[in-house]
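Read through the structure below, which is laid out as structure tokens, and then see the notes.
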Amino acid sequence: MQIGFNAPTTGPLIEPDSLVRIVTEGEALGFDYVTISDHIMVPRNLASKYPYTGTGEFPAGASAAWLEQLTTAAFVAGLTKKLRFVLSVMVVPHRPAVLTAKVLSTIDHLSRGRLTLGIGVGWCREEFEAIAAAPFDDRGNVTDEWMAACQELWTAEAPKFAGKYVKFDDVVFTPKPVQKPIPIWVGGESAPALRRTIRYAHGWYPVGTNPQHPMNTASTFRQGLERFHGFCKRGGRDPKEIALAFRVLSGPGVRPRGSIDGEAELFTGSDSDWVGDIRRLQDLGVGAVDVRLFGYGEDRSLQGTIDNMHRFRDGVLSKIA
């Protein structure tokens, strides 16, 4: 089981000294990877609903400061030697396809192949409009075309591409990524996300708290897996070829152990509850789980986050190694 932690890209801990300390401490404590989130500019007034809360409220708020994801990933690469970093997730249509392919290839090259590319289509119409991104209503097709263009640039000796939004020919694109291929994890639980996973991804990367597709108990997680396997069968893909990763948006002790329809709610409660939950998911084929260890509890300082990381190492990570 691979265990990851979330690097702060918003809030009071995005100052350089704090970010350096959190990332390097995570590597020293034995975490396998760090996740890096993606927002560029969130407008103050949001009508769009965040998919992972029951109310649709965006937990970070609309006025929060945000680090740019790919720049932060390059910074993290330079701080670390063996820690992998997962883009969690990159909103593919936010950036031009060829430039994105170049940035990702450069990060993988300079980090000696430690990048995992988590991808999504995005949920915030207002952000798309504010940054003049690709058309929000066509973001699924844009994502598929962007990724096809990236794959062409990363693999072809003489890349060329002719799509609706991206066209190039007679170009040189080097250096190629070190990894052949860069692992792609598709985030999301919707039918389009699952079809995208089956079409070209190396991993499926759901969050359990989507009210439309909950996977927050052992039973609902199994149901989600059964649904995923159905998509694999229809798409002609062996589910064993696709890694399973799971994103958790909190840490141990944030909420007391909850129950849903008489069944324990995953990733609530104490350290021992979390150890049991991780083992349950491992038994179901999940190979990676990442958690958020900053910005909760009474102490939201840098030292509070470091203390959370150490407690997680001692109370959870050491029990599942």
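Side-chain atoms are counted along with the backbone in the values below, which use heavy atoms only and exclude waters and symmetry mates.
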Indicate whether the side chain of [X] and that of [Y] have a donor and an acceptor atom separated by less than 3.5 Å.
{"X": "Ser219", "Y": "Thr217", "answer": "no"}
{"X": "Glu25", "Y": "His310", "answer": "yes"}
{"X": "Thr80", "Y": "Glu27", "answer": "no"}
{"X": "Asp108", "Y": "Ser105", "answer": "no"}
{"X": "Asn6", "Y": "Thr35", "answer": "yes"}
{"X": "Arg255", "Y": "Ser250", "answer": "no"}
{"X": "Tyr52", "Y": "Glu189", "answer": "yes"}
{"X": "Asn141", "Y": "Tyr165", "answer": "no"}

Could you check whether [X] pairs with [Y] (Lys NZ or Arg NE/NH1/NH2 to Asp/Glu carboxylate O, under 4.0 Å)?
{"X": "Arg237", "Y": "Glu241", "result": "yes"}
{"X": "Glu126", "Y": "Arg44", "result": "no"}
{"X": "Lys319", "Y": "Asp271", "result": "no"}
{"X": "Arg257", "Y": "Asp277", "result": "yes"}

is_close_aromatic(His39, Phe58), centroid dist under 6.0 Å: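 Close enough - the centres of the two rings lie under 6.0 Å apart.
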
Using modelled atom types only, decide if a donor and an acceptor are shared between the side chain of [X] and the backbone of [Y] within a distance under 3.5 Å.
{"X": "Asp32", "Y": "Gly4", "value": "no"}
{"X": "Glu145", "Y": "Val166", "value": "yes"}
{"X": "Glu68", "Y": "Leu70", "value": "yes"}
{"X": "Lys164", "Y": "Val142", "value": "no"}
{"X": "His109", "Y": "Pro177", "value": "no"}
{"X": "Thr143", "Y": "Val92", "value": "no"}
{"X": "Lys233", "Y": "Asp238", "value": "no"}
{"X": "Trp204", "Y": "Gly188", "value": "yes"}
{"X": "Glu57", "Y": "Tyr50", "value": "no"}
{"X": "Arg279", "Y": "Gly276", "value": "no"}

CA sep, side-chain torsions, deciding dist, call: Asp38, Arg95, salt bridge (charged side-chain N to carboxylate O under 4.0 Å, His left out): CA-CA 11 Å; Asp38 188 16; Arg95 301 168 180 85; 2.8 Å; yes

Phe173 six-ring face occupied by Lys102 cation (under 6.0 Å, within 45°):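 Because its charged atom sits under 6.0 Å from the ring centre and within 45° of the axis, Lys102 does stack over Phe173.
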
Cationic tip of Arg234 above Phe231 ring, under 6.0 Å, 45° of axis: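 Yes, Arg234 sits over the ring of Phe231.
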
Cys232 versus Ile198, closest heavy-atom pair with distance: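 The answer is SG-CD1, 3.3 Å.
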
Over 12 foreign heavy atoms within 6.0 Å of CG, Asp283: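 Atom CG in Asp283 is crowded, with more than 12 foreign heavy atoms closer than 6.0 Å.
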
Any side-chain heavy-atom pair of Phe294 and Met309 under 4.5 Å: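 No - every pair of side-chain heavy atoms lies 4.5 Å or more apart.
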
Any side-chain heavy-atom pair of Leu46 and Cys124 under 4.5 Å: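 With C-beta onward as the side chain, the pair touches.
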
Parallel, tilted or perpendicular: rings of Tyr33 and Trp185 (30°, 60°):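 Rings of Trp185 and Tyr33: perpendicular, as their planes differ by over 60°.
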
Side chain to side chain contact (heavy atoms under 4.5 Å, CB included) partner of Val291, the single match among Phe312, Phe267, Phe246: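 Output: one option passes, namely Phe312.
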
